[in-house]
Amino acid sequence: MSLPPEKASELKQLIHQQLSKMDVHGRIREILAETIREELAPDQQQLSTEDLIKALRRRGIIDDVMKELNFVTDNVDQELPSSPKQPVGFTDRQSTLLKKSDGTRMADSTTMLSISDPVHMVLIKTDIFAETTLVASYFLEWRSVLGSENGVTNLTVELMGVGTESKVSVGILNIKLEMYPPLNQTLSQEVVNTQLALERQKTAEKERLFLVYAKQWWREYLQIRPSHNSRLVKIFAQDENGINRPVCSYVKPLRAGRLLDTPRQAARFVNVLGYERAPVIGGGGKQEQWCTLLAFLCRNKGDCEDHANLLCSLLLGYGLEAFVCVGTKAKGVTHAWVMTCGTDGTITFWESLTGHRYLHKPTNPDEPSAAEQSKPLYPYRTIGCVFNHQMFLGNCQPSDSVESCVFDLNDESKWKPMSEEAVKSVCAPGATTSLPPFPPLCASTIDASVTSNEIEMQLRLLVSEHRKDLGLTTVWEDQLSYLLSPALASYEFERTTSISAGNEEFQDAIRRAVPDGHTFKGFPIHFVYRNARRAFATCLRSPFCEEIICCRGDQVRLAVRVRVFTYPESACAVWIMFACKYRSVL
C-alpha cells in the first residue's frame with residue numbers, strides 16, 4: 001500500500017534528520033576513502049556500489065542506522081480492503097512499534113508453537129438460486145508444519161457433516177501447508193507432538209472441572225425451587241459439529257471497525273441475515289444447533305440463537321452491557337434474544353430477527369391495578385437464564401414470566417450467578433484450544449447500484465411477461481420510477497434508527513407527477529435476498545401488489561424501483577416498490 005504524498009514527505013524528513021544527527025554522511029566519506037586506499041586494486045579505476053555497501057555493512061554502519069530508526073505504523077486513516085470469506089478480513093489495526101531491522105524477519109518456531117488458534121475451515125454449497133447450505137466445518141491443527149522438513153507438509157483430513165449428519169463423512173480434503181518465509185530453525189516432530197498433547201490434556205482438564213462445577217451449580221439451583229427443573233436454563237449447547245460447548249463461549253466482544261457505525265445499525269445488519277431453523281429428521285422437537293460465528297457468517301443465515309449471539313457480541317463491542325436471554329415466546333416456543341442494561345437501570349430487549357427494540361417495565365401481579373396495566377409490546381413470555389462472555393445467571397424468581405421479572409442481576413435472590421472465574425476458565429480467549437477464534441467482519445462485495453439496477457430490469461421483464469399472459473400491454477414511466485427512490489431510502493432509515501424520516505417531499509413529488517383525474521397506487525415490500533424471480537412470486541401473493549401489477553384501465557403507467565442497501569458479509573436489505581397511475585373512470 002503506497003503512502004500519501006504528505007506522509008512520504010514527512011517520512012523522508014524524519015529519516016534525513018536522523019541521518020544528520022548521527023553524522024552518517026561523514027562516516028560514509030571516511031569509509032569510502034579508507035576502502036579506496038586499502039582495497040581498490042591498482043588496475044581498478046572505480047568502486048562499485050556493491051563494494052561500498054559491503055564495506056558499510058562490514059563496519060556496522062547500516063546496523064547502527066537501523067537500530068536508531070523506530071517506525072510507528074499509523075493506520076488511523078487507512079483500512080485494509082477485506083477479502084472474500086477467509087478467517088481474515090477487515091479489522092481495526094492498532095498502532096504497532098516496529099523495531100526490527102530486517103523486514104523479512106518473523107517470529108521464531110518456539111513462539112509460533114505457542115499460537116494455539118486452529119485454522120477454521122467452512123465448506124458451503126451454493127445452488128443456482130444462491131441458496132447456501134452448510135456442508136462441513138473443520139478445525140485444522142496447523143502446527144505440524146513447524147516440525148516438518150523445509151517447512152512443508154501435506155495433510156489428508158476427513159470432513160464430516162454437520163448437525164444430525166455430524167458422524168457422516170462428506171469427503172476427503174488434501175492440504176499442503178508451507179511456512180513462508182521459511183523458519184530459520186525447525187522443531188523436532190516430537191517437540192510439536194508433546195506440546196499439542198499437553199494442550200489437549202490441559203483443555204480436557206479445564207472442561208472436566210467446569211462440568212463438575214456446572215453439575216454442582218445445577219443441584220444448588222434445583223434446591224432453591226424444584227419447579228426450576230422446567231425452566232430454560234441453558235448451560236451447554238451443541239455446535240454444528242455436535243460438540244457440547246458452554247453457551248458463554250458463543251459470545252465475545254466483536255468490533256465491526258468502520259463497517260457499522262452504531263449499535264442500531266449493528267442490529268439492522270444482524271436482522272438482514274437470513275433466518276433458518278436447523279433441519280429436523282422425523283418428528284419431535286426442534287433440532288439444536290448453535291453455529292460458530294464463522295459458519296453462521298459464511299452461510300449468511302441461521303437460527304435465532306445464532307442471530308442473538310452475534311448481536312450480543314456486537315453490542316458488547318460497542319461498550320454496552322449486553323446479555324443473551326434464553327426463554328420462550330407465545331405458545332411456549334423456545335427463543336433467544338438480547339438484553340442491554342443501561343447505567344440508569346433501563347432494561348432494553350433487542351429482537352435480533354427483526355431489529356426491533358423494546359423497553360421492559362416489570363409489573364407486580366399482586367397489585368390491584370395489574371389487570372389494568374398495559375400489555376407489553378415485546379413477544380417474550382418466559383425467561384430461564386441470561387449470559388454473556390463473562391457471566392451466566394439463572395432466573396430464580398418465583399415466576400419466570402418476563403412481564404413480572406426484575407432484572408437486577410446483582411441481586412442473588414433473583415438471579416443465581418455462576419462463578420465468573422469458572423466461566424473464564426473455559427470461555428476466556430486462549431483459555432482452551434477447543435474454542436474457535438472469532439473472525440473479523442468482512443466488507444460487502446456487492447455493488448449496491450449495479451445490483452439494484454439488475455434486479456429492477458429483471459422485475460420489469462417479469463411484470464411485462466406476466467401482463468402479456470393476461471392480454472395486457474405494459475407502458476413504463478421512468479420518471480415515476482425515479483420518484484419512488486426517496487420513499488425506499490426513508491423506509492430503510494426508519495428500520496435502522498426507529499426514527500421516521502418523513503415523506504413530505506416524496507408525497508409532494510407524487511402529487512405533482514399524477515395529473516388531475518388520475519389515481520396513484522404504490523406498494524413497498526422488503527426482502528433480504530437478491531433473487532428477482534423469487535421476490536416477484538412473493539409479491540404476486542399480496543392482493544395489493546397483484547392489483548398494481550395487473551392494473552387495468554385508461555392511460556395505465558407502471559413503475560418499479562429497487563434499492564439495495566449493503567451490509568457487512570455481503571448481507572443486504574432489498575426494498576422494492578411497485579406503483580401505477582391510471583385515469584379514473586368514475
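Numbering of residues begins at 1 and proceeds along the displayed sequence.
Salt bridge annotation for Glu131-Lys301: present, with a cationic side-chain nitrogen under 4.0 angstrom from a carboxylate oxygen. A salt bridge between Arg563 and Glu492 is absent, with no side-chain N of the basic residue lying under 4.0 Å from a carboxylate O of the acidic one. Taking a cutoff of 4.0 Å between a charged side-chain nitrogen and a carboxylate oxygen, Glu165 and Lys167 do not qualify as a salt bridge. With respect to Glu199 and Arg143, a salt bridge is recorded, a charged nitrogen being found less than 4.0 Å from a carboxylate O.
Note on ring orientation: taking the six-membered ring where Trp is involved, the planes of Tyr250 and Trp290 are perpendicular (angle over 60°, cut-offs 30° and 60°). The aromatic rings of Phe544 and Phe523 sit parallel, their planes meeting at an angle under 30°, below the 60° perpendicular limit. Taking the six-membered ring where tryptophan is involved, the planes of Tyr358 and Tyr380 are perpendicular, since the angle between them exceeds 60° and thus also 30°.
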**Verdict with supporting geometry, Arg200 and Glu141, salt bridge (Lys or Arg N to Asp or Glu O under 4.0 Å)** = CA-CA 12 Å; Arg200 285 193 294 268; Glu141 177 50 71; over 6 Å; no

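Judged purely by distance below 3.5 Å, without hydrogens or angles, the side chains of Glu351 and His335 pair a donor atom with an acceptor atom. Between the side chains of Glu569 and Ser444, no donor N or O sits under 3.5 Å from an acceptor N or O.
The shortest side-chain heavy-atom distance between Leu232 and Thr328 falls under the 4.5 Å cut-off. The shortest side-chain heavy-atom distance between Met160 and Ser166 does not fall under the 4.5 Å cut-off. Using a 4.5 Å heavy-atom cutoff, the side chains of Cys341 and Leu409 are in contact.
For the pair Arg534 and Tyr529, the distance from NZ or CZ to the six-membered ring centre is under 6.0 Å and the angle to the ring normal is within 45 degrees.
For Phe392, the ring-ring contact (aromatic ring centres under 6.0 Å, His included) partners two or more places apart in sequence, or in a different chain, are Trp217.
Side chain of Asn241 to backbone of Ser137: a donor-acceptor contact under 3.5 angstrom is found.
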